[in-house]
Amino acid sequence: MKRIYMDYAATSPTHEKVVEAMSPYYSEIYGNPSSVHSFGQEARDAVEGAREKIAKLIGAKPEEVFFTSGGTESDNWAIMGTAYANQSKGKHIITSAVEHHAVAEPVEFLKKNGWEVTVLHVDKFGLVDPEDVKKSITEKTILVSVMHANNEIGTIEPIAEISKICREKGVTFHCDAVQTTGAIDVKADELAVDLLSLSGHKFYGPKGVGALYIRKGTRIERFLRGGGQERGRRGSTENVPAIVGMGVAAELAGKEINERHEHLTPLRDKLIKGVLEKVDESILNGHPTKRLPNNANFCVKYCEGEAMLLNLDLKGVAASSGSACTSGSLEASHVLLAIGLPHDIAHGSLRFTIGRMTTEEDVDYVIDILPGIVKKIRDISPLYKKK
Ligand SMILES: *Cc1c(COP(=O)(O)O)cnc(C)c1O
């Protein structure tokens, strides 16, 4: 059976050119970049080369890019580091109701430890209203964190408008750009962000490596204490092969961004149109146009998300659902609840995220098999029969 991967928002296959570039950095060029000898210096050059590539992709200076272990660490560092560095100024943080757990959890931790938190509501598309940001900022606000695009529903937030307000008020602005890097244009200056989180494996780089962009002059405390790596701001020996890989992935993303758009957008639109037409009582989640070029997220009424995933998997299709089965209890996605969906509808969510391997044939196949899967599940659903 042919297997079709439509879960690129969870992770992407490492690009073959990335793997090729990484390979010598395991057992040939294996020095520690902090060592003074030639082995170390070769590794150092590789790390700095990758830093330049990532800086170029986001329109930053290389010295504003700091490597981390992934998007989660970048988000945690941005939140915790800003909170700790600005304690004397204030302890109020503003974030949105649709953030990734890597932002929401550290914010929650701070809330339990004496920080005041404002969680902004979103509209039915998942959009934050910049006016709400403006109204929520107080004398004590030290950080606003709003993601660039949502990982579940694909909605792209009005970051430049939000950051403008923050800048006027002198408040640090952090943006989680993990889903947008390599997918749409992400430029630190145009977005006017102070802190920006990136992750390698979401744009065809390796897993376990990420970066935090820190605009020069931004007050931020260290997160990982240890050696003097990353110019004293993040201890731990650099993951050289992964950093090299992320650099190449960034270079490819910069070169191919238009191509990727032209490939993905019509496929995404075909998938959305096809599902909405063929599956009755299905709705599109997220914004119709302000959305990631690779994201199609639906709710199918009277149909459990997990059941759809399992049935799709049996037919070779890998997708995702907002409802995660944690410890036996089905918890609806906080994002779908935040856009105002009732629990029962939120449980019927289905996310397809496409990527560079996706073909029109794949999309046609999904549109073809999904109605049958939905019918099969609904036929045994007491909710559907009662209707
Ligand atoms: C995947 C993801 C993260 C976490 O990145 P990791 O590199 O997997 O730790 C953070 N934010 C968003 C929006 C994501 O999609």
Side-chain angles (χ1 to χ4, degrees), residues 1-19 148-156 177-186 199-207 245 248-279 282 284-300 305 308-322 349-374:
M1 184 176 59
K2 192 184 171 198
R3 293 201 306 158
I4 296 173
Y5 186 75
M6 289 206 186
D7 202 9
Y8 282 78
T11 194
S12 61
T14 314
H15 197 292
E16 47 302 343
K17 285 186 184 158
V18 170
V19 176
H148 195 187
N150 186 269
N151 48 299
E152 285 186 39
I153 58 174
T155 301
I156 300 169
V178 171
Q179 284 293 332
T180 47
T181 321
I184 60 173
D185 207 27
V186 178
S199 171
H201 74 104
K202 300 287 174 80
F203 61 99
Y204 309 107
K207 294 167 182 62
V248 173
E251 193 173 40
L252 289 166
K255 274 191 207 145
E256 295 176 1
I257 200 146
N258 293 333
E259 245 172 80
R260 288 182 188 180
H261 252 261
E262 283 159 27
H263 168 226
L264 295 174
T265 314
L267 292 180
R268 174 200 68 185
D269 292 342
K270 184 170 194 189
L271 183 57
I272 290 175
K273 191 162 171 277
V275 170
L276 293 179
E277 268 174 18
K278 294 266 165 64
V279 179
S282 61
L284 177 70
N285 295 317
H287 199 278
T289 54
K290 292 173 191 166
R291 76 183 299 132
L292 287 170
N294 76 333
N295 175 296
N297 185 313
F298 309 94
C299 276
V300 179
M308 287 189 281
L309 288 191
L310 292 172
N311 280 280
L312 281 166
D313 191 42
L314 288 173
K315 296 207 177 277
V317 178
S320 154
S321 170
S349 78
L350 190 57
R351 180 188 74 179
F352 297 104
T353 44
I354 56 176
R356 59 186 285 260
M357 309 297 190
T358 310
T359 63
E360 187 165 5
E361 231 182 350
D362 296 342
V363 170
D364 288 338
Y365 180 70
V366 170
I367 297 170
D368 197 39
I369 62 164
L370 190 59
I373 289 174
V374 170

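Along the sequence shown, the residues carry numbers beginning at 1. Nothing here was measured: the structure is a model prediction, and the numbers come from that model.
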### Summary
On a heavy-atom basis, the closest approach of Leu284 and Pro288 is CD2-CA, 4.5 Å
### Query
If we only count heavy atoms from C-beta on, is the Lys207 to Thr11 side-chain gap below 4.5 Å?
yes
Counting only pairs under 3.5 Å, give me each side-chain donor-acceptor contact of residues 260-267, with atom names and distances, residues two or more places apart or in other chains.
residue	atom	partner	partner atom	Å
Arg260	NE	Glu256	OE1	3.1
Arg260	NH2	Glu256	OE1	3.0
His261	NE2	Ala183	O	3.1
His263	NE2	Thr358	O	2.8
Thr265	OG1	His261	O	2.8

### Task
Starting at CG of Asn295, measure out to CD of Glu152 and round the result to the nearest 0.5 Å.
9.5 Å
### Query
Backbone N or O of Thr359 within a donor-acceptor pair of the Asp362 side chain at under 3.5 Å?
yes
## Note on the structure
Closest non-hydrogen contact found for Ala296 with Ile272 is CB-CG1, 3.8 Å
### pair Arg356-Tyr204: side-chain heavy atoms closer than 4.5 Å
yes
### Task
Quick one: list whatever passes side-chain contact (heavy atoms from CB on, under 4.5 Å) with Ala177, sequence neighbours left out.
His148, Thr180, Thr181, Val186, Leu196, Leu198
### Query
Is a side-chain donor-acceptor pair under 3.5 Å present for Lys290 with Thr155?
no
#### Entry: Nearest heavy atoms of Ser320 and Asp7, plus distance in Å
CB-OD1, 3.3 Å
### Nearest atoms (heavy-atom pairs only) where Ser349 meets Ser321
O-OG, 2.8 Å
### Query
With sequence neighbours excluded, what pairs up with Asp185 under the side-chain contact (heavy atoms from CB on, under 4.5 Å) test?
Lys187, Glu190
#### Entry: Flag side-chain contact, heavy atom, 4.5 Å: Asn297 against Arg291
yes
### Task
Would you name the heavy atoms of Leu309 and Ala319 that are closest together and state the gap between them?
CD2-C, 3.6 Å
### Message
Can you tell whether the side chains of Asp368 and Lys278 come within less than 4.0 Å, N to carboxylate O?
### Response
no
### Task
Using the side chain to side chain contact (heavy atoms under 4.5 Å, CB included) rule, pick out the option among Leu276, Val374, Leu350 that qualifies with Ser282.
Leu276
### Query
Can you find a pair of side-chain heavy atoms, one from Tyr8 and one from Pro13, that are under 4.5 Å apart?
yes
### Message
In the structure I gave you, are the side-chain heavy atoms of Leu271 and Val366 within less than 4.5 Å of one another anywhere?
### Response
yes
### Message
Is the shortest side-chain heavy-atom distance between Thr353 and Arg351 below 4.5 Å?
### Response
yes
### Task
Output all residues satisfying salt bridge (Lys or Arg N to Asp or Glu O under 4.0 Å) with Arg268, sequence neighbours left out; order by chain, then residue number.
none
### Message
Can you tell me how far apart CG (Leu312) and CG (Leu370) are? Round to the nearest 0.5 Å.
### Response
6.0 Å
### Query
Taking atom OG of Ser12 and atom NE2 of His201, what is their separation to the nearest 0.5 Å?
8.0 Å
### Query
Who are the ring pair (Phe, Tyr, Trp, His ring centres under 6.0 Å) partners of Phe298, not counting sequence neighbours?
none
### Query
Is there side-chain contact between Val363 and Met6, with at least one heavy-atom pair below 4.5 Å?
yes
### Task
Could you tell me whether the side chain of Ile4 reaches within less than 4.5 Å of the side chain of Lys315, counting heavy atoms only?
no
### Message
Going by ring pair (Phe, Tyr, Trp, His ring centres under 6.0 Å), name the residues that satisfy it together with His287, two or more places apart in sequence or in a different chain.
### Response
Phe125
### Enclosure of Glu16 CD (heavy-atom neighbours >12, cutoff 6.0 Å)
yes
### Heavy-atom closest pair, residues Pro293 and Ile184
CD-CG2, 3.9 Å
